[in-house]
J.: 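One structure, pasted below without further comment.
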Amino acid sequence: LKLKVIVLSENAPRSASVFWRRMGGGSFQEAQLWNVGRGVYEAAFPAEATRSDDLEYYVSVTEEQGPSLRFPVTAPALCQTVVVYPAPGR
């Protein structure tokens with residue numbers, strides 16, 4: 001499972017990561033976002049992330065000369081979610 005993130009900034013960020021966990025519990029795990037061109041970044045969730053039914057995540061970007069920014073802004077209290085359905089026939 002891959003995630004693409006578009007970072008709108010005049011300068012490249014110092015760091016960019018996605019933090020994920022099983023829906024509703026546990027500690028967040030970090031996966032680094034890699035620049036794949038201009039302001040486009042990509043991360044691959046590890047296989048263990050998709051073994052559970054659902055997962056939640058947020059993105060954190062630290063600017064070169066500024067603060068860390070999160071999406072969604074309510075993270076980590078309220079995050080984005082991914083619902084994982086089994087493939088047909090499983």
Side-chain angles (χ1 to χ4, degrees):
L1 181 61
K2 290 186 179 180
L3 176 70
K4 268 192 185 163
V5 175
I6 296 174
V7 176
L8 300 176
S9 177
E10 290 181 12
N11 301 308
R14 184 167 15 117
S15 65
S17 299
V18 59
F19 293 85
W20 65 273
R21 69 178 178 186
R22 291 185 61 204
M23 181 72 109
S27 299
F28 281 97
Q29 304 296 315
E30 182 177 6
Q32 186 172 356
L33 286 162
W34 299 98
N35 184 279
V36 294
R38 297 194 180 221
V40 180
Y41 291 76
E42 190 174 271
F45 289 101
E48 66 187 85
T50 58
R51 286 191 201 126
S52 67
D53 294 334
D54 309 315
L55 63 98
E56 57 186 333
Y57 71 92
Y58 67 92
V59 174
S60 179
V61 175
T62 302
E63 296 182 39
E64 189 63 46
Q65 299 293 327
S68 291
L69 306 171
R70 291 184 178 162
F71 174 81
V73 296
T74 55
L78 295 172
C79 299
Q80 295 292 98
T81 59
V82 174
V83 178
V84 179
Y85 288 98
R90 283 192 177 180

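Numbers here simply count residues along the sequence, with the first being 1.
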J.: Taking all heavy atoms of Thr62 and all of Ser68, pick out the closest pair and write down the distance.
T.: OG1-OG, 2.8 Å
J.: Could you measure the distance from the CG atom of Leu55 to the CZ atom of Arg22? Nearest 0.5 Å is fine.
T.: 10.0 Å
J.: State which residues pass side-chain contact (heavy atoms from CB on, under 4.5 Å) with Pro72; sequence neighbours excluded, sorted by chain then number.
T.: Tyr58, Thr74, Ala75, Gln80
J.: Working to the nearest 0.5 Å, report the span between CD of Gln29 and CZ of Phe19.
T.: 10.0 Å
J.: Give the minimum heavy-atom separation between Gly26 and Arg21, together with the two atoms involved.
T.: O-NH1, 3.1 Å
J.: When you look at Phe45 and Val18, which way does the side-chain contact (heavy atoms from CB on, under 4.5 Å) test go after all the steps?
T.: CA-CA 9 Å; Phe45 289 101; Val18 59; 4.2 Å; yes
J.: May I ask whether Leu8 and Val40 are part of the same hydrophobic cluster, defined by side-chain heavy atoms of I, L, V, M, F, W, Y residues being less than 4.5 angstrom apart, directly or through others?
T.: yes
J.: Could you tell me whether the side chain of Phe28 reaches within less than 4.5 Å of the side chain of Pro76, counting heavy atoms only?
T.: yes
J.: Would you say Val36 ends up clustered with Val5 if hydrophobic residues are merged whenever their side chains have heavy atoms under 4.5 Å apart, either directly or through other cluster members?
T.: no
J.: Identify the heavy atoms of Gly25 and Glu56 that sit nearest to each other, and give their distance.
T.: N-OE2, 4.2 Å
J.: Does Leu69 belong to the same Ile/Leu/Val/Met/Phe/Trp/Tyr cluster as Tyr57, with side-chain heavy atoms less than 4.5 Å apart forming each link?
T.: no
J.: Taking the side chain as everything from C-beta on, heavy atoms only, tell me whether Thr81 gets closer than 4.5 Å to Cys79.
T.: no
J.: Do Val59 and Leu3 have side chains that get closer than 4.5 Å, going by heavy atoms?
T.: yes
